[in-house]
> 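Below are the structure tokens for one structure; questions will follow.
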Amino acid sequence: MLQKVALVGAGTLLGGGAVALYFRSQQQQARPASAVLSVPHSSAPSGAAVPLPHTLVTPAGRTFLSPRHAELLKYGLPNATQLQLKQNYVSLIDFRLREPLWVLEHLTKENVRGDADRANVGFTQDNDVPKPYRASNDDYAKSGYSRGHMAPASNNKTSIDAMRESFLLSSNIVPQDLDNNMFYWNRMERWVRQLVTKKGFDAVHIMSGPLFLPSRLSADGPVIDAANSTDVVPHSSTPAGASYQGTAILAPPPADVFTPPPSAPSSRQSTMIAGKPFGFVSYKTIGDSHVAVPTHLFKAVLAEKSNGDGKPPTTFFAAFIVPNTPVADHLPLKAFQVPRETLERYAGFQVYDRAFQMLPVMDLCAVQDPAAKNSREGATMCQLENATEFKLFTMERDLGKARSRDQLEKMYGQIQALAVKEGVAVPEAAKATYEAKSRQL
DNA sequence: CGGTCCCAACGT
DNA sequence: ACGTTGGGACCG
């Protein structure tokens with residue numbers, strides 16, 4: 001009798017079949033939609049009056065609606081976000097951006113280990129995201145941007161399912177500059193893992209995501225990136241395959257609605273409105289589904305050091321904002337550190353606010369690292385792994401693919417030469433693969 | 001470690 | 001005959 005019928009957001013209702021889709025995902029115990037209206041089943045005979053919802057179910061719990069609010073929400077709650085509770089991360093998908101606003105992780109020494117391999121796992125679309133807002137591999141293909149993990153694949157080796165979940169486009173992936181992704185961001189991810197594997201922290205909470213930062217209008221012209229926005233132009237024709245039910249109201253509006261007349265000459269030259277400077281947010285989109293390309297990426301870490309049973313841990317925090325462009329190897333991590341308040345202002349959401357309410361939190365980048373290798377006065381916990389160490393890492397991987405003893409010796413020789421040149425030891429891992437491979441050949 | 005691209009196998 | 005999927009070769 002109180003069996004529920006669900007109404008999902010107005011946007012998805014337009015797509016048609018949304019109710020059926022919700023039923024299917026209910027049966028599969030799939031992702032919880034971020035908010036769902038429910039109405040009594042008995043009052044929904046087909047063709048009859050639209051039943052009023054009586055409750056609003058959110059991840060935080062169930063809210064009973066007043067008659068007035070039930071009327072306001074009669075035709076659906078226009079959902080804009082979807083919470084994703086995965087095995088190994090939690091994220092909030094923003095339908096408008098076609099990507100997560102933030103992704104949360106929790107790393108310990110134990111859960112960064114595992115056998116799951118990223119080989120044979122590919123990027124896949126999130127089928128529980130409504131079609132119009134769902135990013136696809138096609139959107140990324142030949143876009144100039146790579147599919148960048150927020151929760152990295154290598155933080156998800158505990159199981160193959162966790163590994164697969166990390167490759168879901170809408171839940172965990174944003175368009176990222178390839179060079180940035182492979183080098184600087186990659187090194188940042190390795191640094192975070194090392195906080196628990198090498199630097200003695202018991203656990204690390206991580207929050208990562210895209211940012212869309214405002215820039216100022218330059219005095220001599222319009223804003224930089226809006227220039228190449230050929231796709232701001234009109235949906236002048238009906239997209240193929242779109243079904244506009246009730247065409248009279250929903251037919252595409254005239255093109256000039258989307259292309260406003262040029263602004264007055266005076267305001268074009270001005271960088272001020274009413275005497276105050278203004279910001280201008282612009283970002284590219286890629287693909288037919290318009291996946292938003294962030295101008296910047298952020299990563300915030302809250303590192304915990306245990307004080308024993310029952311006592312609260314000592315906590316350390318640092319946040320970083322990095323441009324979504326190639327970043328020079330030599331730049332220190334500290335160069336990108338920002339105060340928590342700055343990140344919160346740009347991001348539009350709070351960052352580990354409960355920790356700061358409950359506990360004293362220290363600046364992670366002000367803590368000296370006792371085990372710092374180059375402990376020339378004061379290496380802090382925010383020292384990135386050297387670019388050389390990273391190079392050695394890739395050379396070691398190639399070592400495992402050597403086909404002949406000659407080739408193996410030559411490659412290992414190169415590794416030793418580089419190590420000597422840079423004044424570092426040959427990595428243990430390289431020695432190990434050399435010996436293993438040596439026996440094999 | 002982080003990716004791209006291409007082709008063969010597969011299911012419609 | 002077609003679009004999707006997965007494995008392998010390749011790159012920094």
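Every chain is numbered from 1, with letters handed out A, B, ... down the list of sequences.
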> May I ask you to test the A/Val293-A/Thr285 pair for a side-chain heavy-atom distance under 4.5 Å?
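Heavy-atom side-chain distance check fails, nothing below 4.5 Å.
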> Applying salt bridge (Lys or Arg N to Asp or Glu O under 4.0 Å), name anything that partners A/Lys199, two or more places apart in sequence or on another chain.
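Salt bridge (Lys or Arg N to Asp or Glu O under 4.0 Å) check on A/Lys199 returns A/Asp369.
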> Does any part of the side chain of A/Ile173, heavy atoms only, come nearer than 4.5 Å to the side chain of A/His149, both counted from C-beta?
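Heavy-atom side-chain distance check passes, below 4.5 Å.
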> Are there any protein N/O atoms within less than 3.5 Å of an N/O atom in nucleotides 3-9 of chain C, and if so, which ones and at what distance?
from  : atom 1 : to       : atom 2 : distance (Å)
C/dG7 : OP2    : A/Asn120 : OD1    : 3.1

> Please list all pairs meeting ring pair (Phe, Tyr, Trp, His ring centres under 6.0 Å) that have one or both residues in residues 422-441 of chain A, counting only residues at least two apart or in different chains.
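Output for this query lists A/Tyr412-A/Tyr434.
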> Sugar-phosphate means primed atoms, P, OP1 and OP2; the rest is base. With that split, encode nucleotides 4-12 of chain B 5' to 3' as B, S or - using protein heavy atoms under 4.0 Å.
S--------
> Rounded to whole Å, how long is the line connecting atom CZ of A/Phe183 with atom C1' of B/dG3?
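Interatomic distance, CZ of A/Phe183 to C1' of B/dG3: 10 Å.
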> I'd like to check A/Phe280 versus A/Pro214 (side-chain heavy atoms, cut-off strictly below 4.5 Å). Are they in contact?
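The answer is no, as the side chains (C-beta and beyond) never meet within the 4.5 Å cut-off.
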> Report, as yes or no, whether the 6.0 Å neighbourhood of atom NZ on A/Lys131 holds more than 12 heavy atoms from other residues, nucleotides or ligands.
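At most 12 heavy atoms, drawn from other residues, nucleotides or ligands, come within 6.0 Å of this atom.
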> May I have the distance from A/Arg190 (atom CZ) to B/dG2 (atom P), rounded to whole angstrom?
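It is 8 Å, rounded to the nearest whole Å.
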> Does any donor atom in the side chain of A/Gln82 or A/Asp126 lie under 3.5 Å from an acceptor atom in the other side chain?
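No, no side-chain donor-acceptor pair sits under 3.5 Å.
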> Just how far, in rounded Å, is C1' of B/dC1 from CG of A/Leu392?
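Rounded to whole Å, this separation is 13 Å.
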> Given atom CG of A/Asn186 and atom C1' of B/dG2, what is their separation to the nearest angstrom?
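After rounding, the gap between these two atoms is 5 Å.
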> From the options C/dG12, B/dG2, B/dC1, select the nucleotide whose nearest atom is closest to the side chain of A/Lys157.
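Selected nucleotide (nearest to the side chain): B/dC1.
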> Between A/Val351 and A/Phe298, is there a side-chain heavy-atom distance shorter than 4.5 Å?
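Answer no - side chains too far apart.
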> Can you confirm whether A/Asp288 is buried at CG, in the sense that more than 12 heavy atoms of other residues, nucleotides or ligands lie under 6.0 Å from that atom?
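Count not over threshold, so no.
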> Taking CH2 from A/Trp185 and P from B/dG2, how many angstroms apart are they, rounded to a whole number?
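Computing the A/Trp185:CH2 to B/dG2:P distance gives 13 Å.
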> Looking at A/His149, I'd like to know whether one of its side-chain N or O atoms comes within less than 4.0 Å of OP1 or OP2 on B/dC1.
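Checking B/dC1 against A/His149, no side-chain N or O comes under 4.0 Å of OP1 or OP2.
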> Within this structure, what is the CE-to-P distance between A/Met163 and B/dG3, rounded to whole angstrom?
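From A/Met163 CE to B/dG3 P: 11 Å.
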> Side chain to side chain contact (heavy atoms under 4.5 Å, CB included) for A/Ser91 and A/Met150? Distances and angles first, verdict last.
CA-CA 10 Å; A/Ser91 72; A/Met150 293 298 95; over 6 Å; no
> Please list, one pair per line, the donor and acceptor atoms closer than 3.5 Å that link side chains of residues 93-101 of chain A to other protein atoms, with sequence neighbours excluded.
from    : atom 1 : to       : atom 2 : distance (Å)
A/Asp94 : OD1    : A/Arg96  : N      : 2.8
A/Asp94 : OD1    : A/Leu97  : N      : 3.3
A/Arg98 : NE     : A/Ser289 : O      : 2.6
A/Arg98 : NH1    : A/Phe95  : O      : 2.9
A/Arg98 : NH1    : A/Arg96  : O      : 3.3

> Round to a whole Å and report the spacing from CG of A/Asn180 to P of C/dG12.
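That distance rounds to 18 Å.
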> State the dot-bracket string of DNA chain B. Criteria: Watson-Crick or G-U wobble, both atom distances under 3.5 angstrom; notation: ( ) intrastrand, [ ] crossing earlier pairs, | interstrand, . unpaired.
||||||||||.|
> Rounded to the nearest angstrom, tell me the gap between atom CE in A/Met188 and atom P in B/dC1.
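In whole Å, B/dC1 P lies 18 Å from A/Met188 CE.
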